[in-house]
Amino acid sequence: MTGPILRTTDLTKRFGGLVAVDKVSVELHVGEVHAVIGPNGAGKSTLTNLLSGDLPPTSGTVQFEGRDIAGLKSDTISRLGVGRSYQKTNIFLPFTVFENCRLAAQSRTPRAWRVWQGAGVFADINRLAGEAMEAAGLAHRRDRVAATLSHGEQRQLEIAMCLATQPRLLLLDEPLAGMGPHESHRMVELIRKLATHHAIMLIEHDMDAVFAVAHKLTVMVNGEVIESGTPEAVRSSPAVQLAYLGGEDNLHG
């Protein structure tokens with residue numbers, strides 16, 4: 001595919017009189033990290049929810065691989081090849097890293113009338129889980145209970161669970177939230193690696209990380225896009241400096 005894997009046109013979400021997302025048009029490409037930035041309340045997470053099916057749009061279109069997916073349920077969109085992480089880590093804390101990934105992989109290979117068989121006997125599911133752990137840098141934590149992982153590793157595990165569903169597009173909502181410098185660096189390297197074979201939309205407040213990894217930036221304020229382009233173009237935009245970042249110096253970390 002040479003064109004965008006996902007394209008929105010005039011995507012809008014209203015909650016009564018509040019317009020949370022206002023005619024937003026973006027394109028996401030395999031091989032690119034497209035970061036969406038803006039202050040709290042800008043509409044970034046609402047945009048993510050519209051793309052993942054957690055919320056239906058009020059108007060506008062969402063096309064994934066040429067198919068209109070606007071308004072489809074989240075499980076349907078997930079099965080089409082869209083994976084997402086959440087601001088709050090969403091994993092099974094009592095289970096091991098491998099068990100978490102295996103559960104995610106099982107969602108893609110349902111087996112009716114096999115409730116009496118243990119999940120461990122299915123080689124294809126175990127393979128997907130193993131590949132996801134390896135891709136997320138958690139193979140060495142395979143048998144660790146998720147609750148005993150560091151915060152950064154739990155965020156990695158959530159991404160590993162996404163990968164176990166074999167997505168082509170990843171929607172990552174603040175994956176660096178709450179991390180220290182070492183864990184943030186590790187997450188940035190993971191995102192950079194995953195972008196080789198995926199399209200990634202990244203919601204993030206860490207500007208150092210954003211400018212380190214993003215190929216394209218979209219800046220939202222009050223539900224609207226005020227700028228979209230390369231990091232260099234956004235960094236030098238007077239509108240962005242005035243409306244969000246408070247001056248050029250903030251764009252340099």
Side-chain angles (χ1 to χ4, degrees), residues 33 35 45 48 52 54 74-75 77-79 81-111 114-206 208-210 212-213:
V33 177
S45 290
T48 306
S52 66
D54 288 71
S74 58
D75 60 317
I77 292 177
S78 175
R79 284 194 295 271
V82 179
R84 73 161 295 181
S85 67
Y86 291 82
Q87 288 182 11
K88 183 178 180 181
T89 307
N90 190 22
I91 60 177
F92 298 99
L93 292 174
F95 298 166
T96 67
V97 169
F98 176 73
E99 288 168 340
N100 272 272
C101 292
R102 186 175 63 191
L103 278 171
Q106 283 179 251
S107 70
R108 293 299 175 269
T109 54
R111 289 173 166 81
R114 297 192 182 183
V115 294
W116 59 86
Q117 290 181 296
V121 305
F122 300 117
D124 54 343
I125 290 175
N126 294 336
R127 175 182 54 78
L128 289 175
E131 291 174 351
M133 289 187 301
E134 183 69 32
L138 287 175
H140 65 299
R141 295 288 197 238
R142 172 190 174 99
D143 297 321
R144 285 284 298 272
V145 173
T148 68
L149 298 175
S150 69
H151 172 68
E153 288 175 330
Q154 289 185 357
R155 299 297 279 175
Q156 285 177 254
L157 175 56
E158 185 172 20
I159 291 177
M161 293 173 69
C162 285
L163 295 175
T165 67
Q166 300 180 288
R168 294 177 293 285
L169 167 63
L170 291 169
L171 308 173
L172 305 181
D173 196 350
E174 297 189 33
L176 282 77
M179 290 188 184
H182 177 70
E183 289 184 325
S184 294
H185 175 74
R186 189 168 62 203
M187 181 60 73
V188 165
E189 290 304 310
L190 173 58
I191 293 170
R192 183 178 287 122
K193 182 179 73 171
L194 293 176
T196 304
H197 301 293
H198 299 81
I200 296 179
M201 190 178 86
L202 173 67
I203 308 295
E204 187 52 60
H205 286 288
D206 186 330
D208 288 336
V210 166
V213 75

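For reference, positions follow the sequence shown, starting with 1.
Listed here is the closest heavy atom pair of Pro94 and Val145: O-CG1, 3.7 Å. Counting all heavy atoms, side chain and backbone alike, Leu149 lies closest to Val97 at CD1-CG2, 3.7 Å. The two residues Ala146 and Phe92 come nearest to each other via the heavy atoms CB-O, 3.6 Å. Residues Ala164 and Cys101 approach most closely at CB-O, 3.5 Å, considering heavy atoms. Closest heavy-atom contact between Asn126 and Arg102: OD1-CD, 3.5 Å. Pro167 and Gly83 make their closest contact through CB-N, 3.6 Å (heavy atoms, listed as atom of the first residue, atom of the second, distance).
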Candidate pair His185 and Val188, rule side chain to side chain contact (heavy atoms under 4.5 Å, CB included), full reasoning
CA-CA 5 Å; His185 175 74; Val188 165; 5.6 Å; no
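Note that CD of Glu153 is 10.5 Å distant from CE of Met187, once rounded to the nearest 0.5 Å. Here the CE atom belonging to Met179 is positioned 10.0 Å from the CD atom belonging to Gln154, to the nearest 0.5 angstrom. To the nearest 0.5 Å, the span separating CD1 on Ile91 from CG on Leu157 amounts to 4.5 Å. The OG atom of Ser78 sits 11.0 Å away from the CG atom of Leu169 when rounded to the nearest 0.5 Å. From Arg84, atom CZ reaches atom CG of Asn90 across 9.5 Å, with rounding to the nearest 0.5 Å. To the nearest 0.5 Å, atoms CG (Leu171) and OH (Tyr86) are separated by 9.5 Å.
Residue Glu134 qualifies as open at atom CD: its count of foreign heavy atoms under 6.0 Å is 12 or below. Around atom NE2 of His140, more than 12 heavy atoms belonging to other residues, nucleotides or ligands sit under 6.0 Å away.
Considering only heavy atoms from C-beta on, Gln106 comes within 4.5 Å of Leu103 through its side chain.
For Leu194, the side chain to side chain contact (heavy atoms under 4.5 Å, CB included) partners two or more places apart in sequence, or in a different chain, are Ile159, Leu163, Leu170, Leu190, His198, Ile200. For Asp173, the side-chain hydrogen bond (donor to acceptor under 3.5 Å, both in side chains) test picks out Ser45, with sequence neighbours left out.
Partner of Met201 under the side-chain contact (heavy atoms from CB on, under 4.5 Å) criterion, chosen from Leu172, Val82, Thr48: Thr48. Just one of Glu158, Arg155, His151 meets the side chain to side chain donor-acceptor pair (under 3.5 Å) condition when paired with Thr89; it is Arg155.
Distance alone, capped at 3.5 Å, is enough to place a donor-acceptor pair between the Glu204 side chain and the Leu176 backbone. A distance-only check finds no donor-acceptor pair linking the side chain of Arg142 to the backbone of Met133 [under 3.5 Å].
Salt bridge annotation for Lys193-Glu189: absent, with no cationic side-chain nitrogen under 4.0 angstrom from a carboxylate oxygen.
A donor atom on one side chain and an acceptor atom on the other are not found under 3.5 Å apart for Gln156 and Arg141.
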